[in-house]
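In what follows, every heavy atom counts, from backbone to side chain, and hydrogens, waters and symmetry copies are set aside.
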Amino acid sequence: MKALLLPFLLLLAAPLGAQTAAPSVELTSDVKLERTVIVEGAERTELVEPDVVVPGDRLVFTTRYRNVGTAPVENFA
């Protein structure tokens with residue numbers, strides 16, 4: 001499943017590279033599968049590594065940006 005998501009995540013990251021002038025912004029992405037489990041009679045939502053994704057499953061995509069340079073990044077979009 002992760003192999004199928006990698007091209008999608010790279011497409012998401014492509015516009016970022018075109019918009020930032022300096023390579024001082026680090027981008028990390030992740031995807032989790034939202035699961036509802038019952039623990040001691042109560043429902044709880046957990047985010048787990050996707051193994052098999054079926055129709056109706058909810059995926060949560062996370063993108064983190066971090067300035068790893070020594071100067072502020074201007075005009076970041």
Side-chain angles (χ1 to χ4, degrees):
M1 180 64 201
K2 284 187 178 185
L4 294 174
L5 291 173
L6 183 58
F8 175 73
L9 294 176
L10 290 175
L11 285 174
L12 287 176
L16 177 67
Q19 294 173 357
T20 57
S24 62
V25 176
E26 178 182 271
L27 169 77
T28 57
S29 300
D30 192 25
V31 63
K32 297 289 185 190
L33 177 65
E34 188 177 276
R35 286 270 187 234
T36 301
V37 296
I38 299 178
V39 178
E40 297 178 9
E43 283 190 4
R44 185 174 76 189
T45 302
E46 293 182 346
L47 298 177
V48 298
E49 291 290 328
D51 184 31
V52 175
V53 179
V54 298
D57 279 350
R58 181 175 292 206
L59 297 173
V60 176
F61 292 87
T62 305
T63 305
R64 293 178 186 90
Y65 304 90
R66 180 172 171 236
N67 182 354
V68 294
T70 58
V73 176
E74 296 181 15
N75 302 317
F76 183 78

Enquirer: Indicate if Leu27 and Val73 have the same hydrophobic cluster label, given that clusters are the connected sets of ILVMFWY residues with side-chain heavy-atom separations under 4.5 angstrom.
Expert: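 Yes, Leu27 connects to Val73 through the hydrophobic network.
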Enquirer: If hydrophobic clusters are built by linking Ile, Leu, Val, Met, Phe, Trp and Tyr wherever their side-chain heavy atoms come under 4.5 Å apart, do Val53 and Val31 end up in the same one?
Expert: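 Yes; Val31 is reachable from Val53 via cluster members.
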Enquirer: Given the rule in the side-chain contact (heavy atoms from CB on, under 4.5 Å) test, do Asp57 and Glu34 qualify, once you have shown the distances and angles that lead to the verdict?
Expert: CA-CA 7 Å; Asp57 279 350; Glu34 188 177 276; over 6 Å; no
Enquirer: Can you see which heavy atom on Leu33 is nearest to which on Val52, and at what distance?
Expert: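 So the minimum-distance heavy-atom pair works out to CD2-O, 4.1 Å.
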Enquirer: Going by side-chain heavy atoms closer than 4.5 Å, which hydrophobic residues are tied to Ile38, directly or by a chain of links?
Expert: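 Other cluster members: none.
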Enquirer: Apply salt bridge (Lys or Arg N to Asp or Glu O under 4.0 Å) to Arg44 and list each qualifying residue two or more places apart in sequence or on a separate chain.
Expert: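 Counting only residues at least two positions away or on another chain, Arg44 forms a salt bridge (Lys or Arg N to Asp or Glu O under 4.0 Å) with Glu46.
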Enquirer: Within this structure, what is the CG-CD distance for the pair Asp30 and Glu49, rounded to the nearest 0.5 Å?
Expert: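 Result: 6.0 Å between the selected atoms.
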Enquirer: So which heavy atom on Pro72 is nearest to which on Asn67, and how close?
Expert: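 In terms of heavy atoms, the two residues are closest at CA-ND2, 3.9 Å.
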Enquirer: Membership question, hydrophobic clusters at under 4.5 Å side-chain separation (ILVMFWY): are Val48 and Leu59 in the same one?
Expert: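 Result: yes, single cluster for both.
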